[in-house]
S.K.: 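Structure in structure tokens, see below.
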Amino acid sequence: MTDSESAQKPQKFAAPRGTADVLPDDWPYWRFVRDTAERVCEAFGYRRIDTPVFEHAGVFLRTSGAGTDIVEKEVYLFEDRGGDRLALRPEGTANVMRAYIEHGMSSLPQPTRLYYIAQNFRYDRPQAGRYRQHTQLGVEAVGDADALLDAEVIDILRTFFMELGLRDYTIKLNTIGDPACRPAYIEALRSYYRPLLPQVCEDCRGRFEKNPLRLLDCKEERCQPAIAGAPRLHDYLCQDCRDHFQRLRDCLAALDISYVIDEHLVRGLDYYTRTVFEFHPAVEGAQSSMGSGGRYDGLVELLGGPPTPGVGFGSGFERLILNLKRQEAAVPADPDPALFIALVAAEAAPLALRLADRVRSEGLQAVVGSPGRSLKTLLRHADQKRASYVAIIGRKELESGEVTLRAMLDHTERSVAVEDVADIVRP
RNA sequence: GUGGGCGUGGCCUAGCGGUUAAGGCGCCAGGUUGUGGCCCUGGAGAUCGAGGGUUCAAAUCCCUCCGUCCACCCCA
């Protein structure tokens, strides 16, 4: 559309596909989830880090894995005016590792415990619980390979869900080996599948090339015989991976965390090693994962840093809120105003504004109703906002210099000096 | 990227070829010449997602696009 056309018929805009406005009615859910996330992370000694919304494209393209969906079709790539190739952050871990390297956090006492609440962007086809811009809590424990930390981040996510009141979910756990043992397994898996390729579904033929581990996760009927006879990853694990997994299980047992081992659980990003896990709600739904993560011992090196182990997870707020709504969870409501000012006479505006400021300076919420409405309407507004007191200011009050203070609960009114209002309305 | 459902005032919905597109919620006003939550009355607010086509006539039929929802892929 040209400028002249748009000038004739101003275009109405909607939020871009896959994005959503968080409206005031939804905000209590967001505040609840965000506050709970911050409190839980800090209780575990994790410190907040925020990184830019965009990075040099290589931060993500080099780390996620060449064949992954994220790299192949989901990253928002752009070139800025200086010619730099940049990418909107599609996931949270790689850029935090970039910051870990850049700021020399490896010289801090390890592990470095970090968390963040940040927007990610992926050019996906939107559906319930899946958006092109989504928000997640991310937690990373970097610089220590002990499986105790795997258990710790799982404990954080479990505690987070508990404090949110999310009850019906399952923790799926798996180990996917490390560079010492996984390549041999992948080779064995490919050798096994190669002659079977004509019999499996088309998706699986793609998986054979791009992500063979995911072959075992196919739900197609025709692929089940192949899956049943496939070699098992757990038979190929090296001793270090076995020990790590056993120590993780011991730690989880100590924490009374129950889980199911899902040998077919795989992660979408290439940098994961050993531990992977997902938290699934009991109710069915395609985008069911409410949080997932794992260990990524090779990631820092991929970004040019020293060999550094790490483990973490991401948990999507939109999905958490979806599940909170599904189970009709109670969340803290917006605070109610202590005072609503019903401005009946427009010329009393200065008095109304002074009164409102005075009450707010006492730390109380005060709302000025729009002048020009009938008192009846203003009282209805005060009622809808659940104000406990209404100060009525009209001609009478202008003359007397006092305001009429109405207690909404018992309908009583009295004349009160402006300087006394705050003390009376204070809950 | 693939397949399917749906797009009617701010929100929910009726109408599914034929004169001014109907109702509910919400909003505003009045009933109470300055008094809320219930009730009554009235009012404002819709080029029926956009564009094109069929027809004497389209919200209604057809096509394309856009959006949305569901599923697949994948993922938080």
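These numbers were taken from a predicted model, which means no experiment stands behind them. Naming: A, B, ... by sequence-line order, numbering from 1 per chain.
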S.K.: For Arg130(A) and rA76(B), what is the distance between atoms CZ and P respectively, to the nearest whole Å?
M.R.: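 Rounded to whole Å, this separation is 11 Å.
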
S.K.: Is it true that the NZ or CZ of Lys325(A) lies under 6.0 Å from the centre of Tyr29(A)'s six-membered ring and within 45 degrees of the ring axis?
M.R.: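 Yes.
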
S.K.: Starting at CG of Leu322(A) and ending at C1' of rC70(B), how long is that distance when rounded to a whole Å?
M.R.: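 After rounding, the gap between these two atoms is 13 Å.
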
S.K.: Using only heavy-atom distances, decide whether a donor-acceptor pair under 3.5 angstrom links the side-chain of Lys385(A) to the base of rG36(B).
M.R.: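 No pair found.
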
S.K.: Keeping to residues at least two apart or across chains, list the side-chain hydrogen bond (donor to acceptor under 3.5 Å, both in side chains) pairs with something in residues 221-232 of chain A.
M.R.: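 Non-adjacent pairs meeting side-chain hydrogen bond (donor to acceptor under 3.5 Å, both in side chains): Arg232(A)-Glu263(A).
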
S.K.: Report yes if a donor N or O on one partner sits less than 3.5 Å from an acceptor N or O on the other, where the partners are the side chain of Gln127(A) and the base of rU68(B); otherwise report no.
M.R.: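 Looking at the base of rU68(B), it does not pair with any donor or acceptor on the side chain of Gln127(A) (distance under 3.5 Å).
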
S.K.: Between rC25(B) and rG45(B), how many Å separate the two C1' atoms, rounded to a whole number?
M.R.: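 Taking atom C1' in both rC25(B) and rG45(B), they lie 14 Å apart.
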
S.K.: Give the rounded distance in Å between these two atoms: CZ of Arg414(A) and C1' of rU35(B).
M.R.: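 Atom CZ in Arg414(A) sits about 18 Å away from atom C1' in rU35(B).
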
S.K.: Heavy atoms from C-beta onward define the side chain here; which of rC70(B), rA29(B), rC75(B) lies closest to that of Arg122(A)?
M.R.: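 My answer, after comparing the listed nucleotides, is rC75(B).
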
S.K.: Please tell me whether Tyr46(A) and Glu152(A) have a donor and an acceptor in their side chains that are separated by less than 3.5 angstrom.
M.R.: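 Looking only at side-chain atoms, Glu152(A) and Tyr46(A) do form a donor-acceptor pair, the distance falling under 3.5 Å.
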
S.K.: Between Ser289(A) and rA76(B), is there a side-chain N or O to OP1/OP2 distance below 4.0 Å?
M.R.: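 Result: no.
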
S.K.: Given rA76(B), rC73(B), rG34(B), identify the nucleotide with an atom nearest to the side chain of Glu397(A).
M.R.: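 Looking only at side-chain atoms, Glu397(A) lies closest to rG34(B).
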
S.K.: Round to a whole Å and report the spacing from CD of Glu278(A) to P of rC75(B).
M.R.: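 Atom CD in Glu278(A) sits about 9 Å away from atom P in rC75(B).
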
S.K.: Look at the side chain of Gln384(A) and the base of rG26(B), then say whether one donor and one acceptor between them are separated by less than 3.5 Å.
M.R.: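 No, no donor-acceptor pair under 3.5 Å.
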
S.K.: Classify the nucleic acid contact of Arg373(A) as base, sugar-phosphate or nothing, counting any heavy atom under 4.0 Å across all strands shown.
M.R.: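 Sugar-phosphate, no base atom in range.
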
S.K.: Would you mind reading off the distance between Gln136(A) atom CD and rC75(B) atom P, rounded to a whole angstrom?
M.R.: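 It works out to 13 Å between those atoms.
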
S.K.: Rounded off to whole Å, could you give me the CG-to-C1' distance for the Asp124(A) and rC73(B) pair?
M.R.: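 These atoms are roughly 9 Å apart.
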
S.K.: Are His280(A) and rC75(B) close enough that a side-chain N or O sits under 4.0 Å from OP1 or OP2?
M.R.: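 Answer no for this pair, as no side-chain N or O of His280(A) is under 4.0 Å from OP1 or OP2.
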
S.K.: Could you give the distance separating rG34(B) and rA29(B) at their C1' atoms, to the nearest angstrom?
M.R.: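 Those two atoms are separated by 16 Å.
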
S.K.: May I ask you to verify whether the side chain of Arg267(A) and the base of rC75(B) hold a donor-acceptor pair under 3.5 Å?
M.R.: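 No pair found.
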
S.K.: Between His244(A) and Asp178(A), does any side-chain donor sit less than 3.5 Å from a side-chain acceptor?
M.R.: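 No, because no side-chain N or O of His244(A) sits under 3.5 Å from a partner of the opposite role on Asp178(A).
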
S.K.: Strictly by modelled atom types, are Thr51(A) and Arg89(A) linked by a side-chain donor-acceptor pair under 3.5 Å?
M.R.: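 Indeed, the side chains of Thr51(A) and Arg89(A) share at least one donor-acceptor pair under 3.5 Å.
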
S.K.: Where along residues 197-210 of chain A does a heavy atom come under 4.0 Å from RNA chain B, residue by residue in number order?
M.R.: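 Correct list: Asp203(A), Arg207(A).
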
S.K.: Rounding to an integer number of Å, can you tell me how far Phe313(A) CZ sits from rC75(B) C1'?
M.R.: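 Spelled out: CZ on Phe313(A) to C1' on rC75(B) is 17 Å.
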
S.K.: Got a minute to check which stems RNA chain B is part of, using Watson-Crick or G-U wobble pairs under 3.5 Å, three or more consecutive?
M.R.: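 Stems (3+ consecutive pairs) listed as B:1-7 with B:66-72, B:10-13 with B:22-25, B:27-31 with B:39-43, B:49-53 with B:61-65.
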
S.K.: May His134(A) be described as stacking on the base of rA76(B), applying a 5.5 Å centroid limit and a 30° limit on plane angle?
M.R.: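 Whether judged by distance or by angle, His134(A) passes, so it stacks on the base of rA76(B).
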
S.K.: Given the structure, check if the side chain of Arg125(A) and the base of rG1(B) hold any donor-acceptor pair shorter than 3.5 Å.
M.R.: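 Answer no: no donor N or O sits under 3.5 Å from an acceptor.
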
S.K.: With salt bridge (charged side-chain N to carboxylate O under 4.0 Å, His left out) as the criterion, how do Arg113(A) and Asp144(A) come out once you've worked through the C-alpha distance, each side chain's angles and the decisive distance to 0.1 Å?
M.R.: CA-CA 10 Å; Arg113(A) 292 180 164 94; Asp144(A) 191 317; over 6 Å; no

S.K.: If each of Glu74(A) and Thr19(A) is mapped to the nucleotide of RNA chain B with the nearest heavy atom, which maps nearer the 5' terminus, i.e. the 5' end?
M.R.: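 The residue closer to the strand's 5' end, by nearest nucleotide, is Thr19(A).
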
S.K.: Ignoring hydrogens and angles, does a donor from either the side chain of Arg386(A) or the base of rG36(B) sit under 3.5 Å from an acceptor on the other?
M.R.: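 No pair found.
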
S.K.: Would you say the side-chain atoms of Thr404(A) and Glu397(A) include a donor-acceptor pair closer than 3.5 Å?
M.R.: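 Result is yes, a qualifying pair exists.
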
S.K.: Arg426(A) and Asp423(A): salt bridge (charged side-chain N to carboxylate O under 4.0 Å, His left out), yes or no, with the steps?
M.R.: CA-CA 5 Å; Arg426(A) 194 191 318 281; Asp423(A) 284 335; 2.9 Å; yes

S.K.: Please determine, for the side chain of Arg17(A), which listed nucleotide (rC70(B), rA76(B), rG67(B)) has the closest atom?
M.R.: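 Closest nucleotide to the Arg17(A) side chain: rG67(B).
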
S.K.: On RNA chain B, nearest-nucleotide positions of Pro126(A) versus Gly291(A): which is more 5'?
M.R.: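 Counting from the 5' end, the first nearest nucleotide belongs to Pro126(A).
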
S.K.: Flag this pair as yes if the NZ/CZ of Arg47(A) is under 6.0 angstrom from the six-membered ring centre of Tyr115(A) and inside a 45 degree cone about the axis; otherwise no.
M.R.: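 Judged by the rule (NZ or CZ under 6.0 Å from the ring centre, within 45° of its axis), Arg47(A) is not positioned above Tyr115(A).
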
S.K.: Give me the distance, rounded to whole Å, that separates rC11(B) from rU19(B) when you measure between the P atoms they each carry.
M.R.: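 Their P atoms lie roughly 27 Å apart.
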
S.K.: Arg380(A) CZ to rC25(B) P: how many Å, rounded?
M.R.: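 It is 13 Å, rounded to the nearest whole Å.
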
S.K.: Under 6.0 Å between ring centres, would you say that holds for Phe161(A) and Tyr169(A)?
M.R.: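 Between Phe161(A) and Tyr169(A), the centre distance is under 6.0 Å.
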
S.K.: Closest to the Lys376(A) side chain: rA76(B), rC74(B), rG36(B)?
M.R.: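 Between rA76(B), rC74(B), rG36(B), the one nearest the side chain of Lys376(A) would be rG36(B).
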
S.K.: Checking side-chain contact (heavy atoms from CB on, under 4.5 Å) between Val311(A) and each of Leu149(A), Thr273(A), Ile154(A), Leu248(A), which is the one that passes?
M.R.: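 Filter result, single survivor: Leu149(A).
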
S.K.: Under a plain distance cut-off of 3.5 Å, with no hydrogens placed, do Glu140(A) and Thr93(A) share a side-chain donor-acceptor pair?
M.R.: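 Distance-only check passes for Thr93(A) and Glu140(A).
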
S.K.: Sticking with atom C1', work out how far rU68(B) lies from rG49(B), rounded to a whole angstrom.
M.R.: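 Rounded to whole Å, the distance is 10 Å.
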
